Amino acid sequence: MIISKRVRNIKPSPTLAIDAKAKLLKSQGVDIINFGPGEPDFDTPDHIKDAAIKAIRDGYTKYIPVGGSLELKEAIIEKFKRDNNLNYSADEIIVSCGAKHSIYNIIQSIADPGDEIIFCAPFWVSYPDMIILADAKPVIVNTKSENKFKVLPDDIRKAITKKTKALIINSPSNPTGATYCKKELAEIAQIALENNILIIADDIYEKFVYDGFTFTSIASISKEVKDITIVVNGVSKGYAMTGWRIGYTAGPKEIISAMAKVQSQSTSNPTSISVKAAVSALSGTQEPVYKMRQEFQQRRNFIVDGLNAIEGIKCIKPEGAFYVFPSVKYFLGSEFNGKKIETDLDFANFLLEQAHVAVVGGTSFGASGYMRLSYATSINNISKGLERIAKAVKLLK
Ligand SMILES: *Cc1c(COP(=O)(O)O)cnc(C)c1O
């Protein structure tokens, strides 16, 4: 075998795979409504692009410090103060090549073989495989739509063993949009404190909460909680900068310097040009973020109502992110053209082929019987997509 066992044990990101299939059909001239993508459909704001162009012109195009420039770290420190009431020093911050890279480096830095890392299902698709890549063990705690896909504290308690190293909390959540309030986070943090485990807080959707919901970073619960929490955030989602690849981590010095070591032997610094752009994103006007949030809120309301109007689909209205995660259990076991639809993946395939609508089956996120739709697409597209779904499901017997 040429390929390592480690790599044979993981799978490519299923959300990127669906996106690839939809894009392929599109390139063949098929008019696809794509609810697949996990990225804002907005363009990166101009003042951020200008900062990058200036960086290139100024020759800011060489190696910079492994963990990012001091200028960006200071902008991040300021952001944590302003948005989260959290105080960090520069040696408690590291910038990586996207929040995905941040989480990868965190897990590489804290997990030994056999260590267990807990997270909730439905989950972001990269958690299990990143944990497996560190020879650690993913421990999944299921949530229910009746609880708005939020974990019950007792279910976390039951999952903890002597080997538990960390707990990942992703609020607002990809794929469900589930968003935890301060009180709920405090309860979860208490469990981590009592059991001496670390918290990894994936706050990447911080900027997208709706109906006046107040975002809380779990690290801000108390000094004790901050000391055991590793906060991950980035500019990808909040500033429509997915292609720029800038994510950052704040946490205990010891962990941050371990991450710097991993980074120094793998990627080295995040791209210097993107680093300048990220300074502009975090320190410049936040107006584009508010505009995106407003637009997403309208789309969320529209898509939830539209989905619930289709017989058989049940969709709860989440407080955050830009996804909805409706149940499609009603359609499982039905038939189209003599072919049975057994799983949500079959259903997603049926929608892609029959309705030319791309969605991601819930099984990819550890929850069978559901599908994820991203509403990071125009109201017009959402409207067309919903009409197509409504028409297609009538064909099921
Ligand atoms: C998109 C996403 C990330 C990673 O974002 P980057 O583009 O790597 O900065 C991390 N966590 C969740 C839950 C996400 O949806």
Side-chain angles (χ1 to χ4, degrees), residues 12-19 35-42 44 48 68 72 76 79 94-108 117 119-131 138 140 143 149-151 166-180 199-209 215 217-218 230-250 259 263 266-267 270-271 274-275 277-278 281-282 289 292 296 318-325 360 364-367 372-376:
S13 168
T15 46
L16 296 181
I18 287 273
D19 203 41
F35 291 117
E39 61 181 348
D41 53 319
F42 304 101
T44 304
I48 299 174
L72 178 53
I76 292 167
K79 176 255 172 272
I94 182 168
V95 185
S96 306
C97 312
K100 185 181 266 189
H101 186 222
S102 306
I103 299 167
Y104 181 85
N105 284 353
I106 292 168
I107 295 171
Q108 287 293 324
I117 299 182
F119 55 92
C120 306
F123 49 74
W124 183 48
V125 294
S126 291
Y127 298 143
D129 293 276
M130 284 184 182
I131 295 167
I140 296 167
T143 64
F149 295 111
K150 288 194 256 190
V151 68
L167 162 70
I168 304 176
I169 286 292
N170 174 217
S171 167
S173 148
N174 174 5
T176 64
T179 308
Y180 293 80
I199 299 170
I200 300 169
D202 184 348
D203 288 355
I204 194 82
Y205 291 99
E206 162 178 24
K207 297 293 174 191
F208 300 132
V209 290
F215 171 85
S217 178
I218 194 167
I230 312 159
V231 182
V232 178
N233 209 323
V235 295
S236 289
K237 308 287 160 60
Y239 300 90
M241 291 175 71
T242 43
W244 298 75
R245 310 312 303 134
I246 295 289
Y248 55 85
T249 308
M259 290 172 69
Q263 206 156 297
S266 48
T267 56
T271 308
S274 298
V275 160
L282 295 175
V289 180
M292 272 195 277
F296 279 144
E319 276 90 12
F322 42 71
Y323 308 102
V324 285
F325 202 71
V360 189
S364 311
F365 309 97
R372 187 192 78 174
L373 292 87
S374 155
Y375 50 88

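Just follow the structure's listing: the first ligand is 1, and inside any ligand the first atom is 1. Owing to the predicted nature of the structure, the values given are computational and were not obtained by experimental measurement.
Atom OG1 of T249 sits about 11.0 Å away from atom CG of D203, to the nearest 0.5 Å.
In terms of the side chain to side chain contact (heavy atoms under 4.5 Å, CB included) criterion, residue partners of T143 (sequence neighbours excluded) are, by chain and number, C120, P122, F149, V151. With sequence neighbours left out, S102 forms a side chain to side chain donor-acceptor pair (under 3.5 Å) with no residue at all.
At least one heavy atom of S236 sits less than 4.0 Å from an atom of ligand 1.
In this structure, a donor-acceptor pair under 3.5 Å is absent between the side chains of S217 and E206. Side-chain atoms of T242 and E39 form a donor-acceptor pair, as typed in the model, at a separation below 3.5 Å.
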Decide yes or no on side-chain contact (heavy atoms from CB on, under 4.5 Å) for I106 and M130, but give the supporting numbers first. CA-CA 10 Å; I106 292 168; M130 284 184 182; over 6 Å; no
Which is it for F123 and Y127 under the ring-ring contact (aromatic ring centres under 6.0 Å, His included) test, yes or no, and what are the steps along the way? CA-CA 7 Å; F123 49 74; Y127 298 143; 7.6 Å; no
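The closest non-hydrogen atom to atom 7 (O) of ligand 1, taken over H101, R245, K100, comes from R245. The residue from W124, W244, F123 that puts a heavy atom closest to atom 3 (C) of ligand 1 is W124.
With respect to atom 15 (O) of ligand 1, the closest heavy atom belonging to the protein is Y205 OH, 2.7 Å. Distance from atom 11 (N) of ligand 1 to its nearest protein heavy atom, with residue and atom name: D202 OD2, 2.6 Å. Regarding atom 2 (C) of ligand 1, its nearest protein heavy-atom neighbour is K237 NZ, 2.5 Å.
At a 3.5 angstrom cut-off on N or O pairs, N174 counts as close to ligand 1. For Y323, no nitrogen or oxygen atom sits less than 3.5 Å from a nitrogen or oxygen atom of ligand 1, counting backbone and side chain alike. Remark: ligand 1 and A99 share an N or O pair separated by less than 3.5 Å (distance only, no angle test).
Side-chain N or O atoms of Q263 include one that pairs as donor or acceptor with a backbone N or O of V95 at under 3.5 Å.
Numbered from 1 in the order shown, with element, the atoms of ligand 1 that lie under 4.0 Å from a heavy atom of N170 read 13 (C). Of all the atoms in ligand 1, the ones that sit under 4.0 Å from a non-hydrogen atom of G98 are 8 (O), 9 (O).
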